[in-house]
Amino acid sequence: ITTISQKPTCMESVMALPPQVCAQLCRRPCYCPWVPPRCPRGSPLVLDGCGCCKICARRLGEPCDFLHVCDQSQGLVCDYSTVPMGTGATCNFEDSEEGCEVNGRVYRDGEVFQPSCKLQCRCLDGGFTCIPLCQETVRLPTPDCPYPRRVEVPGKCCPEWICETRDQLLLRDAGAASPPLPYPCQEWGTEWSACSVTCGVGFSTRVSNQNRYCRLETERRLCMARPCPALPAASPAVS
């Protein structure tokens with residue numbers, strides 16, 4: 001189904017072209033789809049290059065031409081500099097600055113943004129680097145908090161450490177038949193320590209929460225760096 005709409009002439013559009021080019025590309029009256037297209041996230045509805053029908057604006061790096069215009073709200077223009085090299089025009093920043101696209105949104109070079117409450121990122125040279133905003137500190141068992149556990153708190157972005165009592169621990173152990181955790185466990189663990197002995201069988205330890213209760217525990221395993229050398233035979237006693 002199409003509808004006829006009266007739009008500005010080609011010469012009145014944003015990108016003015018010579019009359020003969022307008023006559024070839026922009027036909028009058030306009031024939032547009034009755035229902036406008038559904039655009040991907042970060043791509044607004046805009047008028048095409050003829051100022052006739054609504055289309056989805058092209059994003060950074062996407063192909064473009066006179067009809068399929070770029071998202072000007074993001075400072076993008078149709079860059080024809082690569083056309084002589086055999087590739088089509090693409091949307092780029094007007095001042096040739098590098099940018100980056102994250103989750104359908106374009107950020108300028110040097111711009112700082114937060115894709116989530118747990119990350120802060122910076123656009124740099126066409127890519128982006130991020131740092132965590134939540135502390136990754138580890139709380140080891142102590143006499144006043146023998147059973148620490150990191151949990152997600154409703155209404156807060158970053159998980160927090162809580163101290164379970166022995167009764168709570170036993171109660172959770174008693175319900176082992178049921179799902180142990182109502183939340184996803186972010187696994188964490190230190191590297192295994194060096195062997196406790198330089199030769200023969202010893203022990204190596206690490207701190208890890210990779211268990212069914214996502215609880216920090218000290219784990220031990222057997223290790224042997226190398227066999228111990230044989231002891232020299234005892235010399236016979238001399239009378």
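Please read these numbers as outputs of a predicted model, since none were measured by experiment.
With a 4.5 Å cut-off on side-chain heavy atoms, E62 and S43 do not count as touching. By the 4.5 Å heavy-atom criterion applied to side chains, T190 and W192 are not counted as neighbours. Side-chain contact between N209 and E187 is present, with at least one heavy-atom pair separated by less than 4.5 Å. Proximity of L47 to K54: side-chain heavy atoms (C-beta onward) are separated by under 4.5 Å at one or more points.
Between C30 and C53, the SG-SG separation does not fall below 2.5 Å. Between C195 and C223, the gamma sulfurs sit within a distance below 2.5 angstrom. Between C70 and C64, the gamma sulfurs sit at a distance of 2.5 angstrom or greater. Distance check for C163 and C145: the SG atoms are under the 2.5 Å cut-off.
Closest approach of C123 and Y107 over heavy atoms only: SG-O, 3.5 Å. The minimum heavy-atom distance linking I55 with P37 is given by the pair CA-CG, 4.2 Å.
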Candidate pair C91 and C78, rule disulfide bond (SG atoms under 2.5 Å apart), full reasoning
CA-CA 5 Å; C91 292; C78 198; 5.7 Å; no

Trace of the side-chain contact (heavy atoms from CB on, under 4.5 Å) decision for H68 with D48
CA-CA 6 Å; H68 302 88; D48 60 19; over 6 Å; no

C52 vs Y31, test: side-chain contact (heavy atoms from CB on, under 4.5 Å). Steps then yes/no.
CA-CA 8 Å; C52 186; Y31 291 90; over 6 Å; no

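The CZ atom of R58 sits 16.0 Å away from the CD atom of Q74 when rounded to the nearest 0.5 Å. Considering CD of E152 and SG of C158, their distance stands at 8.5 Å, rounded to 0.5 Å. Here CG of D65 is found 12.0 Å from OG1 of T90. Values are rounded to the nearest 0.5 Å. With rounding to the nearest 0.5 angstrom, the SG atom of C134 is 10.0 Å from the CD atom of E160.
Counting only distance, with no hydrogens or angles, the side chain of S204 and the backbone of R221 share no donor-acceptor pair below 3.5 Å.
Counting heavy-atom neighbours within 6.0 Å of R206 CZ, excluding the residue itself, gives a total above 12.
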Side-chain donor-acceptor pairs under 3.5 Å in residues 110-120, sequence neighbours left out?
{"unit_1": "E111", "atom_1": "OE1", "unit_2": "R108", "atom_2": "N", "d": "3.0"}
{"unit_1": "S116", "atom_1": "OG", "unit_2": "K118", "atom_2": "N", "d": "3.4"}

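A single hydrophobic cluster is seen to contain both W161 and V207, as judged by linkage of ILVMFWY side chains at heavy-atom distances under 4.5 Å, directly or through other members.
Residues passing the side chain to side chain contact (heavy atoms under 4.5 Å, CB included) test with D79 are S81, N92, sequence neighbours excluded.
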